Participant: 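This is the structure I want to talk about, given as structure tokens.
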Amino acid sequence: MKKQLMDMLESRKDEMIEIRRYLHENPELSYKEEKTAQYIADFYEGKDVELHTNVGNGYGIIVTIQGGKPGKTIALRADFDALPIQEETDVPFKSKNDGVMHACGHDAHTAYLLVLADCLIQLKDSLSGTVKIIHQHAEETPPGGAKSIMESGLLDDVENVYGVHFFPFHPTGVVSYRSEYAMAGRSCFKLTIQGKGGHGSSPHLANDSIVAGSHFVTAIQTVISRRINPFEMGVITIGSFDGKGTFNVIKDSVVLEGDVRYMTSKTQQVIQEEVERIVKGIEAQFGVTCELEYVPDYPPLYNDPEATAHVVATLENSDAPEIKEVKEFQMLSGSEDFAYYLEKIPGCFFYVGCKPKGVEDAYFNHHPKFDMDEDCMLVAAKAVGEIVCS
């Protein structure tokens, strides 16, 4: 079966590219992917599968392929939402939707998995076990689609779950992995500081919220430098400080929004507790009132060591010429809601190189000029196909 699958995938490489370009031209934001979801559902119309649509808190889709032979139940996942980015590439299949772009490769994730799934459907009589295809909505926007798909119960019988992400760290042909903690967890917070407005000439009659907010920005960095184990990873970023007013008016209130990254749940707890403690100190020190909304978002992504070792061994022994190198990679401070699947199901989320040919310093994911070598899709399809057959 494996040779048949690899030959079929190779013969349908152009189809993967065609699907990816269509999706790239027609991107939709998280929770608004109605047409994309319909396109995916239409792809499976008339095929011998069990299809569930509108799964979870949006347009999630789960396709069940029942093999003709006994075996394990595994799941394969690809996400399909885009980002609120104005595309700046010069490709002929540039986004037709103003201010929306597939800048993270989700179009290619979907394209390779659609073709792989169709090949598995055609070979299902020779397939051992069951394969569940997860087409996931809203990976980019909290709370994300993965958690709600897990809560649907449709994956309760899954024994292992696998996913792929395209990154331009490496050229096409390089597959990289990280066992155990591989990607950071993420939290976000919003802090409203209420002081007392007044005239710039009479600060003693007011209570300057900007001064209190500025102190908070500086103080929270001590959480990372003085409260986190130096061998642990933690990042706090203030991405928004809304204090715009008039030059001679003391602002009565400001709103700050921040992003937090961490590699373990324990570190997340420490950071949240310390941020809350600093907020209370700001209130006491400056005589302001504060409202803090702190939301633990995506958990750290933990690749099961046994499942990861299986992936590595399978790909290192692959005779697919497209898979040129399998290498360990560093932990990533980015976050992925695939982590929700891995909290309940042993599995592995690994990376496939997609650096455009002839480019030394490729634009990274989420950049308005992000682009990829489309040959990466065949690499991903064959790599995941090898895992299905192993």
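In this text, all values refer to a predicted model and were calculated from it rather than measured experimentally. All heavy atoms count here, side chains included; hydrogens, waters and symmetry mates do not.
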Participant: Could you tell me how the ring of Y39 sits relative to the ring of Y22: parallel (under 30°), tilted (30 to 60°) or perpendicular (over 60°)?
Facilitator: parallel
Participant: Compute whether any side-chain donor of one residue and acceptor of the other, for E276 and Q272, lie under 3.5 angstrom apart.
Facilitator: yes
Participant: Quick one: sort the H109 and F166 rings into parallel, tilted or perpendicular, breaks at 30° and 60°.
Facilitator: tilted
Participant: Using 30° and 60° as the class limits, which term best fits the ring planes of H137 and F80: parallel, tilted or perpendicular?
Facilitator: tilted
Participant: Quick one: are the ring centres of H165 and F338 less than 6.0 Å apart?
Facilitator: no
Participant: Is any side-chain heavy atom of Q86 less than 4.5 Å from a side-chain heavy atom of D98?
Facilitator: yes
Participant: Report yes or no: is the cationic atom of K47 (NZ for Lys, CZ for Arg) closer than 6.0 Å to the six-membered ring centre of F43, at no more than 45° off its axis?
Facilitator: yes
Participant: Between T172 and D373, is any side-chain donor less than 3.5 angstrom from a side-chain acceptor?
Facilitator: yes
Participant: Would you say the side-chain atoms of Y341 and Q136 include a donor-acceptor pair closer than 3.5 Å?
Facilitator: yes
Participant: Cut-off 3.5 Å, side chains only: do K35 and N26 have a donor facing an acceptor?
Facilitator: no
Participant: Would you kindly say whether E325 and H170 are connected by a side-chain donor-acceptor distance under 3.5 Å?
Facilitator: no
Participant: Mind telling me whether F169 and F329 have parallel, tilted or perpendicular rings, with 30° and 60° as the class edges?
Facilitator: tilted
